[in-house]
Every structure is written in C-alpha cells, then in structure tokens.
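Notes to accompany the following structure.
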There are 4 protein chains.
Amino acid sequence: MAPKRVDRDARREDILDAAVRVFARRGYPATRIEDVAAEAGIAKGSVYLYFEGREALLAAGFERIARRSAQVLADARRSDRPANDALAELVEGAVAMLAAEPDLTAVMLDLWSAGGAARRAEDADPPPPAFDIAAVYREYRALVAELLRRGGSEGDLRPGLGEPEAAVVVAAIEGCLLQWLVDPSVDLARLADPITATCLDGLRARPEG
Amino acid sequence: MAPKRVDRDARREDILDAAVRVFARRGYPATRIEDVAAEAGIAKGSVYLYFEGREALLAAGFERIARRSAQVLADARRSDRPANDALAELVEGAVAMLAAEPDLTAVMLDLWSAGGAARRAEDADPPPPAFDIAAVYREYRALVAELLRRGGSEGDLRPGLGEPEAAVVVAAIEGCLLQWLVDPSVDLARLADPITATCLDGLRARPEG
Amino acid sequence: MAPKRVDRDARREDILDAAVRVFARRGYPATRIEDVAAEAGIAKGSVYLYFEGREALLAAGFERIARRSAQVLADARRSDRPANDALAELVEGAVAMLAAEPDLTAVMLDLWSAGGAARRAEDADPPPPAFDIAAVYREYRALVAELLRRGGSEGDLRPGLGEPEAAVVVAAIEGCLLQWLVDPSVDLARLADPITATCLDGLRARPEG
Amino acid sequence: MAPKRVDRDARREDILDAAVRVFARRGYPATRIEDVAAEAGIAKGSVYLYFEGREALLAAGFERIARRSAQVLADARRSDRPANDALAELVEGAVAMLAAEPDLTAVMLDLWSAGGAARRAEDADPPPPAFDIAAVYREYRALVAELLRRGGSEGDLRPGLGEPEAAVVVAAIEGCLLQWLVDPSVDLARLADPITATCLDGLRARPEG
DNA sequence: TATGAATGAGCTTTCATTCAT
DNA sequence: GATGAATGAAAGCTCATTCAT
C-alpha cells in the first residue's frame, strides 16, 4: 500500500505540474481539462482519477502556493536576528520563492480573481472557492506586524508601527509581483532590495547616511 | 447630427454600469451576458446593440479605469508642489480614485487575470485581449520615477532613485488594492497615509524626528 | 387613392429589386432583412410595411419569375409557325429571358432549394413554401409536349413524342441554366442555339445535311 | 495502428447517412445539428466528435457525390466501345447513380444553392464553401466533349461538336434531375433513354428511321 | 487503472419581427 | 408612413464530467 501511495502521489504531482504550466500559459478560465491532460501526457478521463474536477486543480495550485508561503513564514519566524533584518529576510525569502517558480506564481492571478469574486457573500451563486487566498495575506501581515512591533520596542524601527504598515510591506511585495505578472519587462527578482530599502529607509534623504 | 447620440451613449453607459456591478459581484469569467442584461433591466440581445460581445464589456471597463488613471496622472503632473508632496498627492489621488468606485476597481482583478494570461505571446490561442493593462502601470512608474529624480536633484529625496523605486511605490498602492479586493477587512482608503509615510520616511526610526 | 397605389407598388418593386440583388449575391438563407433594407436604402422595419416577412420576399421573387415564364409561354403559344420553329422560339425565348436578368435568375437556386425541401410531405415542419416551383416546369413540359405532338402529326418531328421528350427539352434549358449559375464561365446565352440544334437534329450525323 | 479506426469511420458514415436523410427531408438551411443527431440516435455534442461543424456535414455530402461522380466518369473512360455508345453509357450510368440514392441526390439542391451563392467573388462574407460543385460539371463536360470529338472523327457523330454540345448533354441529365428533385411526379430513371435518344438522334424525323 | 467516446447543460451570438415614437 | 431600438426564440458550439470497456 505504501509504494502505491507514493506512485499515486507522484502521478498527482505530475498532473498538477502540468496544470500549473497550462494555467500559467492560458489562464485558468481558458484552460480545459483536456489541455491539462495533454500537457501531462495522459487521457482526459484520467485527470479525474486524481482530482475531483477542474476547480480542484486550481485549489491544489493554491495549496502549493500556500505551502511555499508557510515555509517562507516559518523560516522568518525561526530567525533570531534583529527585527529589521528578519523583515528583510522575509521580503527576500518571499520574492525569491515567487521568482523561483514563475508558472506557479502566475497562478496567483487566477487565485486573486477567483478569490476576489467571492468577496461579496450576497449570493452563493456560484459558491465560493474552497481556498482562502485572503488568509495567506492575513498571515503575512500578522508576522510583519509582529516584527514591526518587536523592532519598535527592541530594535531601531519606529515605535507605533502596526497592521497598516504591515499591509504596506506586504503590498510592496505583492504589488511588484503583480507588475511582473502583467508585464514581463518588470524583473521581480531585482526588486527585492529596492523593496526592503524603500520600506526600511524611505525615499527621503536622511540627515546622515 | 447627434439626434439620438446622447441617448445612445447614456444607454451604453447604463449597460456598462450594470456590467461593472456584475463583474464585481461574480467575476468576469462567471458573468454571462444574460446576467448583465438582467442587471441592466434589458433583454439579452439588447446588450449586443451596444457592445460587440462579452469581451467588449470588459474592454470598456478597462477604458473607464484607464480614463480615471489618466486623470489621476494628469492631476499629479499639473501639480507645482515639491516632488515629495506631488508624490504624496499622486498616491492619495490614486487611492481615492480606486476606493471611490469599488465595483469598477474590482474589475481590475479580471483585467489583471485577462492581461496576465496574455503574458506569454507563444501562441495566439486565445488571442490576447484588446486592452493593455501593463501600459497603465508603465505610465504610473514613469511619472513616479520622474518625480523621484526631480526630488533627488531639487528636493529632499535621496539621489539615485529611479525605476526600481518607482515600481515599489506603485506596488505599494496596487498591493494594498489587491489585499483590499481579496479581503474586505482591509480598508484601502485608510492605507493612503501609511503608504506615503512608509515610502517617504521608511520604517526605521530617524535620528531626529 | 390611385396615385397612392402606384407609389406603394413602386416602392414595393424597389424593395423587391433590392432583395433580388442581395439574394443573388449572398443566397437567400444568408440574406438578412437588414441586408435587403440596406440595399434598398430604407430602414429595416420598413420592409415589413411592404412584405409580410422574409419568406414573402422570396415568394415575390418567385412571382416575378413565374410572370416572366408565363409571358414566354404565352408568346410561344401565340406563335403560328410550324411546331419545330415554335419550339426553337420557345427555347430561345426562355434562355433570353433568363439571361437578361441574371440576378433574378440566380434566385432560382434558392427557389429550387426551398421548393425541393418541400418535396417530402411527411411532416409540416417547417411548413412548405407558399410558391410552387414545380408548377412552372409542369407548364413548360405541357406546352413542349403539345408542340412535339403537333410537330409529329403536322410537321417534320418524329411521331410518338410526348412528356418524356418534353422533360428532356426543358431539362436542356434548365440544366444549362444550372451550369451557368454554378459556374460563371458557362455562357448561357450562347447555349440557346446548341440546345435547339441538339434537341431537334441530335448529335448523330444525318445521311444528308 | 488502426485499432478503433474502423469503428470511428463507420460511426462517421452513420452520422453522414443520417445527415443526408435529414438534408433530403428538410433541406440544409433548415436542418439543425440536433436534427442530425436525433436522426443518428446520438447526442448533439457527439456530432462534433466526427464533424467540424454543420457545414462539414454538407461538405462530406459533397464528397460522397463527387466520389460517385468520379466513379461514373472513370467507368465511362474505361469503356472501349464506340463514342456514341460510350456516351449513352455515361448518361445511363449517371442517371442510374443519381436515381439509386435519392436522399444523397437531393443534397445536390443544397450544393447548388451553396455553391451558387459563392458565384460572386466580390466579398468573402460569408466565405465560400469548401467544396467546388462547379468542378464536377466541368469534368463531366470535358469527358462528354472528348467523346463528341472522338465520335466526330472516328464514329458516326457530327463533326465539329465540342464544349457547347457537351454542356447540353450534361444539361439534359442535370435538368431532368432538377425536375425530379422539385417534382416527385417526374421519374428520373425513366428519362435516361429519352435523354440519349433525344440527344443522339434529335426530335426531328429522319429520312430513314 | 487508464481510456476516450458520449453526453447534454450551458453559453454566446444572431436576427426575424414588433412597436413606440 | 418610416424608423430603428428592443426583444427573445433559436441555433451553433464547447467542454466538464461520466462511464463502459
């Protein structure tokens, strides 16, 4: 049973790999199950042996991203360096993670869209997706806010920083990501340093360097 | 020679209003022409008297947003205040514009998604959308970069600032927008000040106030 | 009332002219009421002031053709020449009539198609058209058969000729028409003589001239 | 490497059979994909597994007819009998072929109509069909003309016969076909002999029988 | 397990016809 | 009479999902 399990899981991952590539290329709404099957080199019906349906593929893509995010957050939490250094590490870690897997990252566009469509609870038609993209950002903000507070009391960060500033830091990352996704001429990887430099030291000249 | 033109344009705007509301509620991919018609209180076929098809509605939504953006940029360009003040005005203007029309702003999710799906030019299947969302951000970055350079030479901004930092400023806005769109508990309007404060002065404490 | 009537009829004819032109160009099934209106230089709704609906335009086209046919038949009946000469006149008259109005003649394709679709009475879904294209050929055959019989008893035609041979003579005309309609390189007008020559004298060499 | 190919091709033929029956009954323009599917006893969507779309069904009908025609022409070419006998064989072969499959033959009405609609190359709206009905008649005329010329030099046919007379012979066949399609009281099969008799010997009495 | 043929709900789009102006 | 905006029934086509093999 154990080896079967591994095979099964490996196959599932292969299919998800394929799905992510196609989602990145065509976008989720334009991707047909058959496209995924073709990319994975299997038959259409076989996809259903590993995934409940089309949306499950997107949800599985979300899971991958969420897992990567959780890892980045865990790494940052484990750091014992000063808060501002930990913050810089967090930003770099997040950007590196996103830039390392462009196809997977491109799926974020679809997750935002699908997740955002669920922002109004009025009607359950269509029912909201099974994944909670907002939760990912909540966690990021929570950790950043904690670092900001720690940096304000123990380190050299300004006191009084909190959720709003955390949102801005997360925004700087995600906003750069967005520009990259929408415009390939923007190079996400090279924006990691400007993000930390701008957020930590601002754009205004300082009395002494 | 514009006898019914006013009516016709007004009708078109009404339908677009309706489309924007439905797009905001259900997302573009899940929106059927009939939903738009119902929201506008007209028959399905009538939509086609004013718009070429479903994608034309999205493109018209883009046009609205692009027009608003152009206005914000024009206002900022016309400002004769110091660069850092102009920058703050630009941020505030953009955020205010976005927050003032939540439904229209929510369409950005679909524009990002549709525009991003065109990020790979490999195949023309499906053909890329008629609108260029990336161009909007290019213009924002260009103006911000110009302000940063001006502020570096004439004002109190750091010298050497350019495109990367401009991308970060734009990212701070769009990233906050994103978090708001995906999570209604984030209040975009209240993030305008934190954005400018963080970007201009950074998060690090300054030697003197 | 009289002058009104003339105006009304003239307008009706104008619209029918336009319809015939468009039918010839695009075929009846592909012709929209709006195409006819545009060709006639009037508004779509105005067509309905003169014709019951789309099919009525086709039926009116049939009427025109039927009237032309009736005229050709009447001319031939009125002839007091020998049967074989009258037959030649009939063929020439029919071909001349058809070649003189190519657009109207092209509508025959649609009439055959629409009329033929009604050839099976099984179901009345869709209901058969209001015009009877088969009747036109019945009348032609009847007159030709009469001429053949007359030519057999009084003239130099073979005795014993009847409906089958009449069908062949009519077929020679309509078959040339068909080839012309389907292939513009076939010149209908120049086929009038070969039709009569072939039908009357055959293709086989005759003992003496 | 043709494991399911037989089945697939057989299925395709079944669907085409059904389409031909429905086309014959209702005419192509009035036939909906669903009618074809119902006639074939399958679901609407399944038709698209075997044919690109509605027009592909008509084109496939044309292919069938063209194949039959090619066979008739090949048989006539292979004949080593005198030209006038070969001509009679050709006429009989064509008529027999047409009369043997009335439903398929009825599709000619739609092919004429669709092919004729493409007679004016002015605009490509709608684009012309993929099949070339005119080519079928060109081939018939070419072979008949050849036989006529051969019969003029080697046989007992008149000298000087050519394309015009070939058109008349083809017309006699197709014109009888037309009358049959439009009027079931005309019996195509019985017209084969009158066609050859009339064309070869004419209607005029001969000095000696 | 794997396949891919089959299904049919669902969607976009067209257009004949109506009717208020 | 004339108009053309509005309607909504149709029809073509797609594709997620199922299931017999």
Side-chain angles (χ1 to χ4, degrees), chain A residues 4 7-8 11 15 29-38 40-57 126, chain B residues 3-4 7-8 11-12 15 29-38 40-57 126, chain C residues 4 7-8 11 15 29-38 40-57 126, chain D residues 3-4 7-8 11-12 15 29-38 40-57 126:
Chain A
K4 289 292 183 186
D7 279 3
R8 200 181 152 73
R11 182 73 117 166
I15 295 172
T31 298
R32 293 165 295 139
I33 288 286
E34 188 153 22
D35 296 327
V36 174
I42 61 175
K44 189 170 33 163
S46 302
V47 173
Y48 288 86
L49 297 174
Y50 297 89
F51 292 90
E52 294 264 318
R54 202 172 77 107
E55 194 181 310
L57 284 165
Chain B
K4 299 275 185 67
D7 285 347
R8 220 191 130 67
R11 184 67 121 171
R12 201 184 134 97
I15 294 172
T31 298
R32 292 163 298 135
I33 290 286
E34 189 152 23
D35 297 327
V36 174
I42 62 176
K44 194 172 28 163
S46 302
V47 175
Y48 290 88
L49 297 174
Y50 297 90
F51 292 91
E52 294 258 322
R54 204 170 71 107
E55 192 180 314
L57 284 165
Chain C
K4 289 290 183 187
D7 281 6
R8 202 184 150 72
R11 182 74 116 166
I15 295 172
T31 298
R32 292 166 295 138
I33 289 285
E34 187 152 24
D35 296 327
V36 174
I42 61 174
K44 190 170 31 163
S46 302
V47 174
Y48 288 86
L49 297 174
Y50 297 88
F51 292 90
E52 293 264 319
R54 202 171 77 107
E55 194 182 310
L57 285 165
Chain D
K4 300 272 185 69
D7 286 346
R8 223 191 127 66
R11 183 69 120 173
R12 203 185 130 96
I15 294 172
T31 298
R32 293 163 297 136
I33 289 287
E34 190 153 20
D35 297 327
V36 174
I42 60 175
K44 189 173 35 163
S46 302
V47 175
Y48 290 90
L49 297 176
Y50 298 89
F51 292 91
E52 295 259 322
R54 202 170 73 109
E55 192 181 312
L57 285 165

- request: May I ask you to say what Phe51(C) touches in the nucleic acid, namely base, sugar-phosphate or nothing, with a heavy-atom cut-off under 4.0 Å?
  value: nothing

Counting primed atoms, P, OP1 and OP2 as sugar-phosphate and everything else as base, the B/S/- map of nucleotides 15-21 of chain E against protein heavy atoms under 4.0 Å is SSBB---

On a heavy-atom basis, the closest approach of Pro29(D) and Pro29(C) is CG-CG, 3.9 Å

Whichever of Ile42(B) and Gly41(C) has the more 5' nearest nucleotide on DNA chain F, that residue is Gly41(C)

Those residues at least two apart in sequence (or on a different chain) that pass salt bridge (Lys or Arg N to Asp or Glu O under 4.0 Å) with Arg32(D) are Asp35(D)

Practice item. Report yes if some heavy atom in the side chain of Ile42(C) is under 4.5 Å from a heavy atom in the side chain of Arg11(C); otherwise report no. Key: yes

When rounded to whole Å, the CZ to C1' distance for the pair Arg11(C) and dG1(F) reads 9 Å

Where DNA chain F forms runs of at least three Watson-Crick or G-U pairs (i with j, i+1 with j-1, under 3.5 Å), the stems are E:2-21 with F:2-21

Rounded to whole Å, CZ of Arg8(B) lies from P of dT3(F) at a distance of 17 Å

Separation between CZ (Arg12(D)) and CG (Leu49(D)), nearest 0.5 Å, reads 12.0 Å

Applied to residues 45-54 of chain D, the side chain to side chain donor-acceptor pair (under 3.5 Å) test, sequence neighbours excluded, yields none

Rounded to whole Å, the OH-C1' distance (Tyr50(A) to dT3(E)) equals 12 Å

To the nearest angstrom, the CG-P distance between Leu57(A) and dC15(F) comes to 16 Å

From CD1 of Ile15(D) across to C1' of dT7(E) the rounded distance in Å is 13 Å

